[in-house]
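Written out below as structure tokens is the structure these notes cover.
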Amino acid sequence: MSKNVFFLILLIFVFKTPVFSQTLDNIIDNYLSARGQSNFNELQSLIVKGKKVYMSDNYEAEFKEYIKYPTKFRVDTYMFNKIHTVLYNNGKGGILSPFSGSNVKENFPDISIDRIQSMEKSDIQGLLYNWQKKCKQVKYEGKTTLNKNELFKIRIITNSSDTLDYYIDTKNYLLQRVVYFPDFPDPTIATYSNYKNVKGMQLPFEISQSNHAGCFSKETISEYLTNPVIADSLFKFK
């Protein structure tokens, strides 16, 4: 190999990596700007109210989510005049189901979809804000098309070694889809839509969940309450 060819290959290698890295940085910066990150950073608590439809049973239930910075999350779902609760509090997660008659159990039995969803929701600032502290790796994997919309695909590996794929709209830079455990045989997909401005933040008012069999639930959000007073006792395990 001649010296000229060698140095040409070296230059291509040297300049390729920074350009790729800069592309990822630009996408994340635009995403954070589009969602109103500075306003998210001022949040200390958030309450989300809405209704959830379970497609298989065609059953509609009201829900209420409580999120408190930095790592507390609770969702109460009102089903058949009873409350089903999912809790996440500083690394511990559990479920209180009145239908089983059990108390809240600390720690989910395995690395489950519920765990990842609650971890993500409990982070008010968002997983991609200061991702270097929250994730082992964030990688831009190119563009893809979904329902005629062009999306950026970003793969995230969290500090707990869980994998998520983010799909961000190339036009408005808002998050359109999250695939949880994409390498599993049947990953869960969350789709976000009907974004509205809430005190300078772009928040979705419709969230659907699906798998290989299609959509199995859909949330319609009626209200976001920003910085309400939420007692820590609400997140305690029994």
Side-chain angles (χ1 to χ4, degrees), residues 32 35-52 61-79 82-98 100 102-136 138 156-164 166 175 178 180-181 188 190 192 198-205 207 209 217 219-238:
L32 296 177
R35 74 192 299 260
Q37 188 62 47
S38 60
N39 295 294
F40 277 97
N41 294 346
E42 294 178 2
L43 280 179
Q44 293 298 309
S45 60
L46 185 68
I47 291 178
V48 186
K49 298 179 181 179
K51 293 183 178 180
K52 187 170 185 175
E62 293 186 356
F63 71 86
K64 192 173 182 179
E65 294 178 359
Y66 304 84
I67 309 169
K68 191 169 184 178
Y69 183 83
T71 52
K72 292 182 173 66
F73 170 81
R74 171 178 177 147
V75 58
D76 291 337
T77 304
Y78 302 87
M79 306 173 66
K82 295 183 179 181
I83 301 176
H84 180 279
T85 300
V86 175
L87 283 172
Y88 185 84
N89 188 346
N90 292 318
K92 295 180 180 180
I95 297 175
L96 174 59
S97 176
S100 66
S102 63
N103 291 324
V104 171
K105 296 180 179 179
E106 295 188 18
N107 299 320
F108 289 112
D110 53 16
I111 300 176
S112 64
I113 266 312
D114 299 298
R115 172 191 166 199
I116 276 297
Q117 288 175 331
S118 59
M119 284 177 63
E120 186 185 32
K121 286 186 175 182
S122 70
D123 187 350
I124 292 180
Q125 295 179 347
L127 195 55
L128 284 181
Y129 178 73
N130 284 339
W131 64 264
Q132 296 88 345
K133 297 180 180 179
K134 307 170 186 176
C135 307
K136 291 181 178 179
V138 174
I156 300 170
I157 301 177
T158 68
N159 286 336
S160 55
S161 298
D162 299 315
T163 303
L164 305 86
Y166 268 34
L175 182 64
V178 177
Y180 299 91
F181 302 104
T188 294
Y192 301 88
V198 179
K199 295 187 177 180
M201 298 173 289
Q202 291 296 323
L203 292 169
F205 278 73
I207 304 172
Q209 292 185 324
S217 70
E219 295 179 4
T220 300
I221 294 161
S222 59
E223 188 177 16
Y224 287 95
L225 300 177
T226 58
N227 286 325
V229 176
I230 303 177
D232 286 337
S233 59
L234 198 66
F235 305 96
K236 288 184 178 179
F237 293 93
K238 295 180 181 180

Q.
Run the side chain to side chain contact (heavy atoms under 4.5 Å, CB included) test on Y66 and D76 for me, step by step, so that the C-alpha distance in whole Å, both residues' side-chain angles and the decisive distance to 0.1 Å come before the verdict.
A. CA-CA 9 Å; Y66 304 84; D76 291 337; 3.7 Å; yes
(Q) Run M79 and K52 through side chain to side chain contact (heavy atoms under 4.5 Å, CB included) and show every step you take. (A) CA-CA 10 Å; M79 306 173 66; K52 187 170 185 175; over 6 Å; no
Q.
Before you tell me yes or no, could you show the steps for K51 and S222 under side-chain hydrogen bond (donor to acceptor under 3.5 Å, both in side chains), namely the whole-Å CA-CA distance, both residues' side-chain angles and the distance that decides it to 0.1 Å?
A. CA-CA 8 Å; K51 293 183 178 180; S222 59; over 6 Å; no
Q: Before giving the answer on side chain to side chain contact (heavy atoms under 4.5 Å, CB included), spell out for I156 and T163 the whole-Å C-alpha distance, their side-chain angles and the decisive distance to 0.1 Å.
A: CA-CA 6 Å; I156 300 170; T163 303; over 6 Å; no
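Between H84 and I95 there is a side-chain heavy-atom pair separated by less than 4.5 Å. Counting only heavy atoms from C-beta outward, the side chains of Y129 and D123 never approach each other to under 4.5 Å. Considering only heavy atoms from C-beta on, F63 comes within 4.5 Å of I221 through its side chain. For the pair L87 and L96, the minimum side-chain heavy-atom distance is 4.5 Å or more. Side-chain contact between K64 and R74 is absent, with no heavy-atom pair separated by less than 4.5 Å. At least one side-chain heavy atom of V198 sits less than 4.5 Å from a side-chain heavy atom of F205. Counting heavy atoms from C-beta outward, E42 and K199 have side chains that stay 4.5 Å or more apart. Residues L46 and T226 have side chains in contact (heavy-atom distance under 4.5 Å, counting atoms from C-beta outward).
For the atom pair CD of Q202 and CG of N39, the computed distance is 10.5 Å after rounding to the nearest 0.5 Å. In this structure, CG on L203 lies 11.5 Å from OH on Y192, to the nearest 0.5 angstrom. With rounding to the nearest 0.5 angstrom, the NZ atom of K72 is 11.0 Å from the CD1 atom of I124. Separation of atoms OG1 (T85) and CZ (F235) is listed at 11.5 Å; rounding is to 0.5 Å. Taking CZ of R35 as the start and CE of M201 as the end, the distance is 9.0 Å to the nearest 0.5 Å. Taking CG from L164 and OG1 from T188, the interatomic distance works out to 11.0 Å, rounded to the nearest 0.5 Å.
Shown here is Q44, whose CD atom has more than 12 heavy atoms of other residues, nucleotides or ligands within 6.0 Å. A 6.0 Å sphere centred on OH of Y69 holds no more than 12 heavy atoms belonging to other residues, nucleotides or ligands.
Summarising the geometry of V178 relative to Y180, their closest heavy-atom pair is CG1-CZ, 3.7 Å, with the distance given to 0.1 Å. The shortest non-hydrogen separation linking C135 to N159 is C-OD1, 3.2 Å.
Between the Q125 side chain and the F40 main chain, no donor and acceptor come within less than 3.5 Å of each other. Proximity of a side-chain donor or acceptor of S45 to a complementary backbone N or O of P228 within less than 3.5 Å is detected.
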